[in-house]
> 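Here you go, one structure.
Given the structure is predicted, the values throughout are model-derived calculations rather than measurements. By convention in this document, chain letters (A, B, ...) are assigned in the order of the sequence lines, proteins followed by strands, and residues within each chain are numbered from 1.
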There are 2 protein chains.
Amino acid sequence: MLQQVSVGQKSLDDYRPIVRGGEIEEIRSLAEPLKGAGVVHVNATAFGGGVVEIFHTLIPLMRDVGLDAEWQVIEGSDQFFRVTKAMHNALHGADIEITPEMQDIYLRYNEANANSFEGDYDFVVIHDPQPAALLHYHGRGGGKHWVWRCHIDTSTPNEAAWKFIRPYLKPYDVRIFHKPEYAGDLALSPMTVIPPSIDPLSPKNTPMPLEESRVIMARFGIDVDRPLLTQVSRFDPWKDPLGVIDAYRMVKEQVPEVQLALIASMASDDPEGWIFYDRIVRHAGEDFDIHVLHNFHGVGNVEVNAFQSGSDVIIQKSIREGFGLVVSEAMWKGKPVIGGNVGGIPLQIIDKQNGFLVDSVGECAGVALSLLQQPEAAQEMSVKAREYVRENFLSTRHLKDYLKLFLSLT
Amino acid sequence: MLQQVSVGQKSLDDYRPIVRGGEIEEIRSLAEPLKGAGVVHVNATAFGGGVVEIFHTLIPLMRDVGLDAEWQVIEGSDQFFRVTKAMHNALHGADIEITPEMQDIYLRYNEANANSFEGDYDFVVIHDPQPAALLHYHGRGGGKHWVWRCHIDTSTPNEAAWKFIRPYLKPYDVRIFHKPEYAGDLALSPMTVIPPSIDPLSPKNTPMPLEESRVIMARFGIDVDRPLLTQVSRFDPWKDPLGVIDAYRMVKEQVPEVQLALIASMASDDPEGWIFYDRIVRHAGEDFDIHVLHNFHGVGNVEVNAFQSGSDVIIQKSIREGFGLVVSEAMWKGKPVIGGNVGGIPLQIIDKQNGFLVDSVGECAGVALSLLQQPEAAQEMSVKAREYVRENFLSTRHLKDYLKLFLSLT
């Protein structure tokens, strides 16, 4: 049932011009004692989402420094994935009941995948709740060290759902969270914090000349001679795109020429996503200075890069957020980001130092307005934003954290 | 290069309960002298659109009456299909230049497909402009009779485009159009008129109990206890969905509880389609009695059937229309349709007899209002609408027309 996923090749040396001096050598020397160690990452999908994006960078880099790293994906039916989607939402805090029947489906597929898990690894890293019961059913044989990696905000989970999943998380040697607060009552068991990362060499993040980003934005109807606010984020109530439109409208009262772009990726098999998309477009109404764009309009990674690089202000006005790595993406392009003061966003934005944290539509509008009116101030923050990401949220730091964790377990 | 497409099996006898007495026998006796005749239909795509829908009914029925009928699809690059899309629009009358380079691409792919055309047929039926130059390059060998079948409105084509394609249409034995007016200056060469058809046994057209259609509509947020106007039509300026919204708003002044559904199928690879989709949703704005729905919301053939069967009034307010078979679909469900007085719509709707023809938003609103206020009148028309389709626009009539044409050529 478990399927191997292939990844490309990457060389750590390519990151040398980007990271601070000595970083590459430090990583290589950390990796030295782990040479040849077998590592398998196990998650639930090979396509889409931030975890998959990270795997495509991190696994090739682990190999480049000498680990024998691979990636396997569990298999499940549509029914199983409907259950795990519900569990995901419940662990995020949604009021959803995980019925005994759902629990049974969840466990049955974990058992079947556990039975097909083969090989002999030094480190087995299980990602997120979908395959979390693998260790329970498989037993420790085949893996010297078992790690559970959580990519979601489990700080205020639905209690029944947490109670159900918790026993399956306990037997792991260590649990990794984005933030200490996400560990909940598991904070007392062995726990470590590793934030996620962006790949500065991916097409989404490589430097783009302003001229190029303007050509791309113009293709989507943006008037590149007028100011532009942009939020790049799934069309989802937690990202508050309706609030972003309201903030834009407040800014527009003072700066009538301002434009807004809301950008996301849509899936053809997600009717709820389309319904919320329509909700946004309806709220935009016939104000054609608001641009609501997605992959079916032709927006891919390079276009996201163009909008992040070419906008005057980047907003990430989430009201709930796992981590919000898109904030680091924009900061890496030298943008002071206005972020909602939730989840992983305050880990990335130090308020008024390298960006701004806001708690309301009015605050968001106020900061956006002042950034448009005093672009020199924004310019100053730009360097700090980029340096903070360089220090904290690049793939190299992420790799280093994993190496340190593996060393600590041996 | 040419690819064979498979179709399912169908039996003409299954249509016996639907068509008038003697029809099945008449068709079988027409087919008698054609037993064993080889027929190939050639078009440019195996997926999507009205022509493909018709092939999946007509080709199995041709086989069932004894013809040796098959379907082949030409092959082309993205570039080729961009050119043929431009040609399609130009032949519809759009002001698009077909440059010498585009002509060259068009002809080159036609030549390559012509070279790969094999077999020995009694009747070769080439559909639409994409493969129209096949006969020119292939020569008559391999086909006793060559027929060109046009599915688009070529009554007022862009002159340069028409001048380019015309010489490739001339050598066919006969050209088939939906309406005589579509033949333009080719009307003088052998020409025949065969309108398209709907399959009364397809999931889109089989009778659906009102209760079932209401359950389905409610799933998409329709309040089934309040009146509903529906237009099922590609989101395209020629179908005037913005005008339909305006008409609905005029009706709503008198009947505040009225709702509107605009329904279409969207393609993930059609950015222009998505831009126009957004245009409609923005015009709808935050009036949530307007429902704009498409396949990614989960609307498929059965759901279209539900809306056509369960709505109070069906609108097809086109301002340009090839044929508009969706009008017959709704009439077959006993709905008096309000149609724009263009293209093939007046062939289906006899004004004030079995439906209504309108020339403006105001007229459309006026008729919709009176249909809502006098449902008895609508009820009376219902039978006439269904009977007109039974007589003129079912697959059985379409099959009969082809048989007659083939007989006339031998």
> Taking C-beta and beyond as the side chain, do F288(A) and R282(B) meet within less than 4.5 Å on heavy atoms?
yes
> The criterion is ring-ring contact (aromatic ring centres under 6.0 Å, His included); which residues satisfy it with H297(A), sequence neighbours excluded?
H294(A)
> Step through the shown structure and confirm whether more than 12 heavy atoms of other residues, nucleotides or ligands are within 6.0 Å of CZ on R249(B).
yes
> Pick from A267(A), P271(A), G298(A), G273(A): which one has the most heavy-atom pairs with chain B under 4.5 Å?
P271(A)
> Mind checking side-chain hydrogen bond (donor to acceptor under 3.5 Å, both in side chains) for N158(A) and listing every partner two or more places apart, or none if nothing turns up?
none
> If you count heavy atoms of other groups shown closer than 6.0 angstrom to CD of E286(B), is the number above 12?
yes
> In terms of heavy-atom proximity below 4.5 Å to chain B, should D287(A) be classed as side chain, backbone, both, or neither?
backbone
> Rounded at 0.5 Å granularity, tell me how far CZ in F220(B) sits from CD1 in I275(A).
8.5 Å
> Would you check if D278(A) and Y277(B) make a side-chain contact, meaning some heavy-atom pair closer than 4.5 Å?
yes
